Amino acid sequence: MADAFISYRRDPSSSQARLVQEMLKFYHKIDAYVDTTRTDSTRVQFPDRLMQAIADAPTFILLLGDTTLESEWVRKEIQRAYELKKHCIPIFQESYKPTISDPAVDYVLSFDGVHLLDKKNIYIDVAIQHIANLVVKSSEVQTQTIVATATTQKLESAGVPKPRIILPEPFDWCYIPAGKVTLTTDAYDKFIYISQNTEMFVPHFWMSKYPITNGQFREFVDDGGYQNELLWTKKGLKYLKEESWSSPAFWNDPIWNQNDYPVVGVSFYEAMAFCMWLRYRTGDTITLPTDAMWQHAAQGDDGRKFPWGNEWNGGFCSNSVKPNFSKKTTAVNQFQYVGQSPYEVIDMAGNSSEWCLTIYTSGKESWDNNTSRIARGGSWINKATKQFTTYYRRRYYPYRRYHYLGFRIVSDIFTT
């Protein structure tokens, strides 16, 4: 299996594709699939070989020249990568000019790209090094994914059942083992409940792999979630009626309401009503994560600074840290091959910040209290790397609804 698949149009990118392939192989021991150099069995049809090679490779590399997107085959390869939600590396040649836009192309172009100055023939080594770093990280994460999947299957067979899944894709549960976490005083202001670094034990639990999406929240809306008063806390019901809520704040805006984007514009009370609705639907204990649960799921046992490690990388999440400038949320599984936590949880830095159950000033956990709550994980709009760390917290009043604030859920059902 190749480490990466290189998609290109022969004119204008044939020589560049070979150059990237050869330099990755020679300098970095990375095997990249380029169709002109493969000797696959002739019993397999050429289009099928390409589609299978894309599926097998952890990373999809797209060389972009001035006419690349006019190629029917390149567009098919891009569509395949989009459908499989592959980690992508767009490589921009000097001749490239934006021309075509569709969901698949936009998906590939939303990833951290590399500029290949092929005409001037300078900085080639730097570009190849950048590409190699992204390919290696993607391969490492895919290996961790395979191990994590096997671990989850073992847990289920040992009597640790995964909660029911009734929500539309992309959805899955990640098992978070018991462990210790050190909560620090890093926060938005001095009123955080932690006055000194405090080590806490966190029991094992399940956490949703991704933030709750618009498509999943739509199940709640369509099932009468905003009309069923039994799902709402006393304080939540007060705001539901006073504000005449019938859907999230940006529900009808195409910038924010794509099915696989995180639902935003939801208050803490709406998130809790969703949890209660899902409890009734599944019979499982569903709620929002506590402050300690969220941090343990984000950093594991090694106290890492970011979900993926200790070094900031603007290509591993949706953010506005220079030189990045995100204008909106993205698909929740876009960064699953590079930006996930040690327990395979996605988007714990960037995209949307997330409501937690814990009260900001007291550290208590309450479903029905109008005091400000903790929110975790930097969002697409944040510009400082500190806001994306695994220990940083913000505070928001539970009735607030912002276009950068959503939520994910946890469950603690166990038979042992």
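Because the structure is a prediction, the values reported are computed rather than measured.
- Side-chain contact between L288 and V410 is absent, with no heavy atoms from C-beta onward closer than 4.5 Å.
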### Message
Show, in sequence, the C-alpha distance, side-chain angles and deciding distance for E169 and K85, and conclude whether the salt bridge (Lys or Arg N to Asp or Glu O under 4.0 Å) test is met.
### Response
CA-CA 12 Å; E169 295 182 348; K85 300 302 180 186; over 6 Å; no

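- Here CG of N382 is found 10.0 Å from OG of S326. Values are rounded to the nearest 0.5 Å.
- In this structure, F268 and Y399 have side chains that are not in contact, with every pair of non-hydrogen atoms separated by 4.5 Å or more.
- From E94, atom CD reaches atom CD of Q16 across 10.0 Å, with rounding to the nearest 0.5 Å.
- Donor-acceptor pairing under 3.5 Å is lacking for the side chains of Y33 and D56.
- Note that CG of L69 is 5.5 Å distant from CG of L64, once rounded to the nearest 0.5 Å.
- Salt-bridge formation is detected for the pair R408/E354: a Lys NZ or Arg NE/NH1/NH2 atom is positioned less than 4.0 Å from an Asp or Glu carboxylate oxygen.
- From I359, atom CD1 reaches atom CD1 of I374 across 9.5 Å, with rounding to the nearest 0.5 Å.
- Taking 4.0 Å as the cut-off between side-chain N and carboxylate O, R279 and D284 do not count as a salt-bridged pair.
- Taking the charged nitrogens against the carboxylate oxygens, D301 and K180 have no contact shorter than 4.0 Å, which rules out a salt bridge.
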### Task
Apply the test side chain to side chain contact (heavy atoms under 4.5 Å, CB included) to residues I194 and T184: give CA-CA distance (whole Å), side-chain angles for both, the deciding distance (0.1 Å), then the verdict.
CA-CA 7 Å; I194 294 290; T184 69; 6.0 Å; no

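- A side-chain donor-acceptor contact under 3.5 Å links R373 to the backbone of S366.
- Using a distance-only test at 3.5 Å, with no hydrogens or angles considered, a donor-acceptor pair links the side chain of S95 to the main chain of D66.
- In plain terms, the two heavy atoms of P170 and N333 that are nearest each other are CB-ND2, 3.9 Å.
- The two atoms that bring I192 and T185 nearest to each other are CG2-O, 4.0 Å, heavy atoms only.
- Classification of the Y175-H204 ring pair by plane angle, with boundaries at 30° and 60°, yields perpendicular.
- Looking at R9 and E70, a side-chain N of the basic residue comes within less than 4.0 Å of a carboxylate O on the acidic one, giving a salt bridge.
- At distances below 3.5 Å, at least one donor-acceptor pair connects side-chain atoms of N214 with backbone N or O atoms of Q258.
- Between the Q216 side chain and the P168 main chain, a donor and an acceptor come within less than 3.5 Å of each other.
- The closest donor-acceptor contact from the side chain of H115 to the backbone of A127 lies at 3.5 Å or more, if one exists at all.
- Heavy atoms only, all atoms of each residue included: G378 and S353 are closest at C-OG, 3.8 Å.
- Remark: the backbone N or O of R164 is paired with a side-chain donor or acceptor of W173 at under 3.5 angstrom.
- In the model, Y261 has a side-chain atom that pairs as donor or acceptor with a side-chain atom of K328 under 3.5 Å.
- Side chain of N351 to main chain of S318: no donor-acceptor pair is present (N/O by atom type, distance under 3.5 Å, no hydrogens or angles).
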### Query
Between S341 and Q299, does a side-chain hydrogen bond (donor to acceptor under 3.5 Å, both in side chains) hold up when you go through it step by step?
CA-CA 6 Å; S341 83; Q299 68 178 182; over 6 Å; no

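- For the residue pair D189 / Y360, a side-chain donor-acceptor distance below 3.5 Å is found, with atom types taken as modelled.
- Donor-acceptor pairing under 3.5 Å is recorded for the side chains of Q334 and S110.
- Proximity of V266 to F250: side-chain heavy atoms (C-beta onward) are nowhere separated by under 4.5 Å.
- Contacts of L84 classified as side chain to side chain contact (heavy atoms under 4.5 Å, CB included), with partners at least two apart in sequence or in another chain: I54, A55, R80, K86.
- Close placement of the W312 and F306 rings is indicated, their centers lying within 6.0 Å of each other.
- F5 places none of its side-chain heavy atoms less than 4.5 Å from the side chain of P58.
- At least one side-chain heavy atom of F60 sits under 4.5 Å from a side-chain heavy atom of I78.
- Using cut-offs of 30° and 60° for the angle between ring planes, the Y269 and Y239 rings count as parallel.
- D102 and Y82 share no side-chain donor-acceptor pair at under 3.5 Å.
- Between the side chains of D253 and N257, no donor N or O sits under 3.5 Å from an acceptor N or O.
- A salt bridge does not link D186 to R393: none of the charged nitrogens lies less than 4.0 Å from a carboxylate oxygen.
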### Task
Evaluate the side chain to side chain contact (heavy atoms under 4.5 Å, CB included) criterion for residues T213 and V263: first the C-alpha distance (whole Å), next the side-chain angles of each, then the deciding distance (0.1 Å), finally the verdict.
CA-CA 5 Å; T213 66; V263 63; over 6 Å; no

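- Of all the heavy atoms in P12 and G65, the pair that sits closest is CG-CA, 3.9 Å.
- Applying the 6.0 Å contact sphere to CZ of F201 captures more than 12 heavy atoms from other residues, nucleotides or ligands.
- Distance CG/D368 to OG1/T233: 3.5 Å, rounded to 0.5 Å.
- Residues Q340 and W308 bring no donor and acceptor atom of their side chains to less than 3.5 Å of each other.
- T287 has its side chain out of reach of I409: every pair of non-hydrogen atoms, C-beta onward, lies at least 4.5 Å apart.
- Counting only distance, with no hydrogens or angles, the side chain of E270 and the backbone of S267 share a donor-acceptor pair below 3.5 Å.
- A donor atom on one side chain and an acceptor atom on the other are found under 3.5 Å apart for Q336 and Y210.
- Annotation for V135 and I89: closest pair CG2-CD1, 3.8 Å, computed over non-hydrogen atoms.
- Taking the six-membered ring for Trp and thresholds of 30 and 60 degrees, W256 and W380 have ring planes inclined between 30 and 60 degrees apart.
- To the nearest 0.5 angstrom, L357 atom CG is 10.5 Å from D291 atom CG.
- Put simply, the side chain of F92 reaches to within 4.5 Å of the side chain of L109, judged on heavy atoms.
- A salt bridge is absent between R49 and D35: the closest approach of a Lys/Arg side-chain nitrogen to an acidic carboxylate oxygen does not fall below 4.0 angstrom.
- Checked for salt-bridge contact, E311 and R304 miss the test: no charged N lies under 4.0 Å from a carboxylate O.
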### Message
One pair to check against side chain to side chain contact (heavy atoms under 4.5 Å, CB included): L134 and V338. What are the steps and the verdict?
### Response
CA-CA 8 Å; L134 293 174; V338 291; 5.6 Å; no

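- When only modelled atom types and interatomic distance are considered, N324 and N319 share a side-chain donor-acceptor pair under 3.5 Å.
- A donor-acceptor contact shorter than 3.5 Å links the side chain of R376 to the backbone of T390.
- Under a 3.5 Å cut-off, the side chain of T389 and the backbone N or O of K386 do form a donor-acceptor pair.
- Using a 4.5 Å heavy-atom cutoff, the side chains of H296 and M207 are not in contact.
- Between F217 and F407, the ring-plane angle classifies as perpendicular under the 30° and 60° cut-offs.
- Proximity of the aromatic rings of F274 and W277 is defined here by a centroid distance below 6.0 angstrom, and this criterion is met.
- Smallest separation of non-hydrogen atoms from M276 and L231: CB-O, 3.7 Å.
- A donor-acceptor contact closer than 3.5 angstrom is absent between the side chains of D412 and W206.
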